[in-house]
Amino acid sequence: MIWNKEMECADRETMRAVQLERLQATVKYEYENVPYYAAKMDKAGVKPEDIQTLEDIQLLPFITKEDLAANYPTGLFAAPMKDIVRIQSSSGTTGKPKIVGYTQGDMDDWGEAVARGLTMCGIGANDVAHISYGYGLFTGGLGAHAGAEAIGATVLPMSSGNTARQVMFMQDMKSDVLCCTPSYALTIAEAVEKAGIKPEELQLRAGLFGAEPWTQSMRDKIEKGLGIRAHDIYGLTEITGPGTATSCIENNGMHICEDLFYPEIVDPNTLKPLPVGETGELVFTTLCKRGMPMIRYRTRDICYLMDGKCACGRTSIRMSRVFGRTDDMLIVKGVNVFPSQVETVIAKFEELTLNYKILVDRKHNSDTIELMVEFADGLEIDDIEFVENMKRRVEHALRDILQIGCKVRFLNAGTLPRSEGKAVRVEDRRKYE
Ligand code: DLL
C-alpha cells in the first residue's frame with residue numbers, strides 16, 4: 001500500500017512544480033520572518049523573487065549548526081510562540097542543545113512523513129507498533145508515535161530501556177513492528193536469545209531502525225536475531241525528526257518525502273552541488289515547515305542520492321544509507337578514520353560481536369587508536385594461543401582498511417554497556433587533555 005500516492009508516485013514534472021511553488025513560498029516567508037536569514041540573503045545579494053527555478057536554490061546561503069548555536073534558543077523561529085505547539089531538541093556539539101519549534105501544521109506533516117514510512121514497510125491499521133525510541137525531547141519516540149497513530153495502528157509507547165519488560169510486552173501484546181535504534185534492536189535481540197525465545201515465536205515482522213549509522217552486517221544480525229525485515233528510517237531534529245526518508249520493502253535506498261524536504265548533495269569542501277549518484281554531504285530545505293523552516297541546512301551526513309522509479313512503484317528520489325557524518329570522522333595520525341570502517345572489519349569475524357568501542361588517545365605526542373571488542377558467547381579470552389592468533393588476524397585486517405595500526409583488546413561477551421538509544425562508539429580522550 002502507498003500512503004500518499006499523489007505525492008509518492010508523482011511524475012518528475014509534477015513533483016518539480018510542487019517543489020518550486022513551495023520553495024518560493026518558504027523563501028519569501030523566511031525572508032519576511034527571520035531577520036537573521038534575511039540578513040544572510042542580503043549579504044549574498046539574493047532576494048526571494050530571484051528564485052525562479054529549482055536550480056536557483058543554489059543562490060541561497062546555507063544554514064549550519066553554527067547558525068543554530070548563534071541563534072539559541074529560538075532566534076530562527078519564524079512563527080510567533082502562540083503558534084508553536086511543540087518543542088523538540090537534540091544535543092549540539094557546541095554545548096547548547098538545538099531547539100526546534102513546530103506549528104500544528106508542522107506536526108501534521110511530521111506524522112504524515114512517518115505514516116508514509118510505516119506504510120512502505122507494510123505496516124497498517126491492524127498492526128501493533130512497539131515504539132522503543134526514547135520519548136521526550138528526542139524526536140524518535142514521539143515522531144514514530146505520531147506516524148503510527150496516523151495510520152491507525154495500535155501503539156505501544158514503550159520508550160527505551162528496561163529490556164526485559166520490552167521483550168515481555170513484545171510477546172504478550174504480539175507486537176508486529178519494532179521502532180528503535182539499530183543498536184538497541186541488537187540489545188533486544190540479545191535479550192530475546194538469552195530468554196530462550198526463538199525469533200519465530202515472536203509475531204514481529206518488521207522494524208524501522210534509525211537515528212544512528214548502521215551497516216549491512218548489523219542489519220543481517222538484527223534480521224536473523226528477531227526474525228524480521230529491517231528497514232532504515234532517517235531524519236534529524238532540525239528538519240523534522242524521523243520520517244524524512246524511509247527504505248521500502250525493496251531495500252534499495254530510502255524514499256525521501258521530497259514534497260516536504262528538498263534534498264541536495266554538496267561537496268563538503270567546495271560546497272558545490274554534486275550530481276545524483278555522487279557521495280557528499282546531504283543538504284535539506286524544508287518546503288512546508290512554518291515553525292522553524294530550514295533553508296539549505298547542512299546535515300553533515302554523508303550519502304548519495306538515487307533517482308528513477310523504484311520497484312515498489314514510488315517515484316520519489318532516494319538516499320543511500322548514511323555512511324557517517326563529516327564530524328564523526330576521526331583524524332588519527334593524519335589519516336581519516338570512520339567508525340563504520342572498523343565495524344565492517346569486525347563483522348568479518350564470526351568470533352566477534354558488534355559490541356565494540358574505539359578509544360583514541362595521544363601518547364608521547366603521537367595518536368593511538370585501540371579497538372575494544374567482545375568475543376561471541378562461549379569464547380574465552382583466557383585461551384592465550386587463540387587470543388594471540390585472533391589479535392594478529394583482526395589487527396592485520398584493520399591495518400588493511402584503515403592504513404594505520406590499531407591495537408585490539410578482546411573482552412568477554414556481555415562486558416561492554418549495552419545501548420538503549422544511540423550507541424556511543426568512540427571515546428576520543430585527546431579532547432580532554
Ligand atoms: O535521530 C531523528 C531520528 C529518530 C531518526 C529516530 C530516525 C529514527 P537527531 O537526534 O537530531 O534526530 O539526530 C540526527 O542522526 O543527522 C544522522 O547523523 C543520524 N541519523 C538519523 N537517522 C539515521 C539513519 C534523530 N537512518 C542525526 N542512518 C542525523 C544513519 C542516522 N544515521
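Computation of the quantities below employed the complete heavy-atom set of this structure, encompassing side-chain atoms and omitting hydrogens, waters and symmetry-equivalent molecules. Order of listing sets the numbers, starting from 1, for every ligand and every atom in it.
Distances below 4.0 Å separate heavy atoms of Lys422 from the following atoms of ligand 1: 1 (O), 9 (P), 10 (O), 13 (O), 14 (C), 15 (O), 25 (C). Near Ser90, meaning under 4.0 Å from one of its heavy atoms, ligand 1 places the atoms 10 (O), 11 (O). The distance from ligand 1 to the heavy atoms of Phe138 drops below 4.0 Å at these ligand atoms: 1 (O), 4 (C), 10 (O), 25 (C). Of all the atoms in ligand 1, the ones that sit under 4.0 Å from a non-hydrogen atom of Arg325 are 16 (O), 18 (O), 29 (C). Applying the 4.0 Å criterion to heavy atoms of Thr139 picks out, from ligand 1, the atoms 2 (C), 12 (O), 25 (C). Heavy-atom contacts of Pro213 reach the following atoms of ligand 1: 30 (C), 32 (N) (cutoff under 4.0 Å). Annotation for ligand 1: atoms under 4.0 Å from non-hydrogen atoms of Tyr133 are 6 (C), 8 (C).
Contacts between Leu236 and ligand 1 below 4.0 angstrom, taking non-hydrogen atoms only, involve backbone and side chain alike. Contacts between Asp301 and ligand 1 below 4.0 angstrom, taking non-hydrogen atoms only, involve the side chain exclusively.
Between Phe261 and Phe284, the ring planes lie perpendicular to each other; the angle is over 60°, past the 30° to 60° tilted range. Ring planes of Tyr304 and Phe323: parallel class, angle under 30° (limits at 30 and 60°).
The distance criterion of under 3.5 Å between nitrogen or oxygen atoms is met by Glu212 with respect to ligand 1. By the 3.5 Å distance cut-off applied to N or O atoms, Ala211 is counted among the residues near ligand 1. In terms of polar-atom proximity, Ile233 is counted as a contact of ligand 1, with an N or O under 3.5 Å from an N or O of the ligand. For ligand 1, the polar-atom distance check against Thr299 finds no nitrogen or oxygen pair separated by under 3.5 Å.
Of all protein heavy atoms, the one lying nearest to atom 11 (O) of ligand 1 is Thr237 OG1, 2.5 Å.
The two residues Thr103 and Arg290 make their nearest non-hydrogen contact at CG2-C, 4.0 Å. Contact detail for Val128 and Lys174: the closest heavy-atom pair is CB-O, 3.8 Å. The nearest pair of heavy atoms linking Tyr133 to Ala144 is CD1-CB, 4.2 Å. Here the shortest heavy-atom pairing between Glu264 and Thr285 reads OE2-OG1, 4.5 Å. Considering all non-hydrogen atoms of both residues, Glu420 and Asn162 come closest at OE2-N, 4.2 Å.
Sparse packing is recorded around CD of Glu6, with 12 or fewer heavy atoms of other residues, nucleotides or ligands lying under 6.0 Å away. Annotation for Glu21: atom CD does not count as buried by contact number, only 12 or fewer foreign heavy atoms lying within 6.0 Å.
In this structure, Arg399 does not pair ionically with Glu395, as no charged nitrogen and carboxylate oxygen lie closer than 4.0 Å.
For atom 21 (C) of ligand 1, the nearest non-hydrogen atom from the set Ser247, Gly210, Gly235, Gly324 belongs to Gly235.
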